[in-house]
Amino acid sequence: MILLPPFPCFSADSISLAKRFLTNKIYEQLVHLKTGYGFTLHDALRSGIENPDSSIGIYAGDPESYDLFSAIFKPVIEKYHATETTSCHMKSDLSPVDFPDPDPAHEFILSTRIRVARNLTNFPFMPLISSADRKKVEEIITQLLENIESPFKGYYKSVKDCLGFTDQEQLARPIPSRSCFRKGDRFQESAGINRDWPDCRGVFESIDHKFSVWINEEDHIRVISIDRNGDIASVFNRLAKALDIIEKTLDCKQIDFAWKDDLGYLTACPSNLGTGMRAGVHIRLPKFFKQKEILENEAKKLKLQIRGTQGEKTEVESAVFDISNSQRLGLTERECCNILYNGVCKIIKLERQL
Ligand code: ADP
Ligand code: MG
């Protein structure tokens, strides 16, 4: 008889999707498996087990994790993105959008930020990557960005060089730029994403600060377009142009982003699969601030999610909400952007009426 390691010990108050879908049968089927890079089911579940308030509770260590452990990833992904993956054929659409600024008088929106998460094939993801591979990823991306043309031209700052501190507390501070690149939170810590921090982490930022690339944060890269207004269309169109340049340059070197037709771009956290796109605004809503449940309900109907002012799992400060598309899989980048635009228009209208 083969002895199984004990069933993962999720605490009674754990709310994660991984806990919800991990049956004994799935556990027995997956517990002895290992990807080519050596990632196991226990590695995937560690963050969810150590953090009962984790909503997803599972990370991928490499592209193969999604195939090998699909018995658990599939139901989690389908529930999170409200999408059937069997019938899903992901298509990218980054063609330009054209709609007016939803807040032309700058009454509500402080900034718009649209990012995509991308990982290079042939490297493990951040929960598993070795320090040598992390360095290679940093080199590939910084070399590419060194030659990028205006308006994206800019500079790379490594977290290590910027900070130069040794104390862990100080290392957790954002690097001194507008990017707010920080050491990962406790969910990412448990997943192994913070290993060797701050080695080979850094931010490339354009001279005008409107385009940046985070290297080796939660994914190999986060490509970001940002502006201090509500002009969602121009923020999206800028990101699309930059991504096109990055993809073509990588293509010349025969380097691809990790991709599967049914799951789209592959990412460390399943919540980012598909487009990898989070299109969001920082928006000040003083009336909704006093009635947050109403905003939560409206956001859900509009397929939007709400985060705190400093990012995921932080508090809303001075009534500034981070509102963004919640679904990234089963729709195109353009559709993510449209969801944000339509949702923000509706929320501004409701805030005025409250
Ligand atoms: P991501 O989905 O990119 O991982 P996080 O919630 O981790 O986003 O936040 C990353 C950082 O980006 C945080 O410092 C957050 O305050 C900042 N941020 C998010 N949205 C906006 C926005 N619309 N404008 C300015 N900064 C933003
Ligand atoms: Mg984040």
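In this chain, numbering begins with 1 at the start of the sequence shown. For ligands, and for the atoms within them, numbers begin at 1 and follow the listed sequence. Just so it is clear, the structure is predicted and the values come from calculations on it, not from any experiment.
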Under 3.5 Å side-chain donor-acceptor pair for Ser324 and Arg278: yes
Hey, which atoms in ligand 1 end up nearer than 4.0 Å to a heavy atom of Gln310? 13 (C), 14 (O), 15 (C), 16 (O)
Does ligand 1 have an atom under 4.0 Å from some heavy atom of Thr314? no
Atoms of ligand 1, numbered as shown, that sit under 4.0 Å from any heavy atom of Gly280: 23 (N)
Could you say whether the N/O atoms of His282 and ligand 1 ever approach to under 3.5 Å? yes
Salt bridge Lys160-Asp199, side-chain N to carboxylate O under 4.0 Å: yes
Against heavy atoms of Ile226, which atoms of ligand 1 measure under 4.0 Å? 25 (C)
Does any N or O atom in Arg278 lie less than 3.5 angstrom from one in ligand 1, N or O only? yes
So that I can tick it off, tell me whether Lys74 and Glu78 are bridged by a salt bridge, with the cut-off set at under 4.0 angstrom between side-chain N and carboxylate O. yes
Heavy-atom pairs closer than 4.0 Å: do any link ligand 1 to the side chain of Arg307, the backbone, both, or neither? side chain
May I ask you to decide whether Asp322 forms a salt bridge with Arg113, counting only side-chain N to carboxylate O separations under 4.0 Å? no
Atom indices of ligand 1, in the order listed, that fall short of 4.0 Å to a heavy atom of Asp322: 19 (C), 20 (N)
Any Lys/Arg nitrogen of Arg134 or Asp196 sitting under 4.0 Å from an Asp/Glu carboxylate oxygen of the other? yes
Which of the numbered atoms in ligand 1 are below 4.0 angstrom from a heavy atom of Thr309? 16 (O)
Is the NZ or CZ atom of Arg284 positioned over Phe108's six-membered ring, under 6.0 angstrom from the centre and within 45° of the axis? no
Using a strict 4.0 Å cut-off to heavy atoms of Arg222, name the atoms of ligand 1 that fall inside it. 1 (P), 3 (O), 4 (O)
Closer than 4.0 Å to some heavy atom of Glu312 - which atoms of ligand 1 meet that? 5 (P), 6 (O)
Heavy atoms from other residues, nucleotides or ligands near CD of Glu317 exceed 12 (cutoff 6.0 Å): yes
Geometry only, no angles: is Arg115 polar-contacting ligand 1 at N/O separations under 3.5 Å? yes
Check the pair Phe204 / Tyr156 against ring-ring contact (aromatic ring centres under 6.0 Å, His included), numbers first and verdict last. CA-CA 4 Å; Phe204 175 90; Tyr156 179 64; 7.6 Å; no
Is the contact between Arg182 and ligand 1 made by the side chain, the backbone, both, or neither, using heavy atoms and a 4.0 Å cut-off? neither
Cation-pi check, Lys313 onto Phe187 ring (under 6.0 Å, within 45° of axis): yes
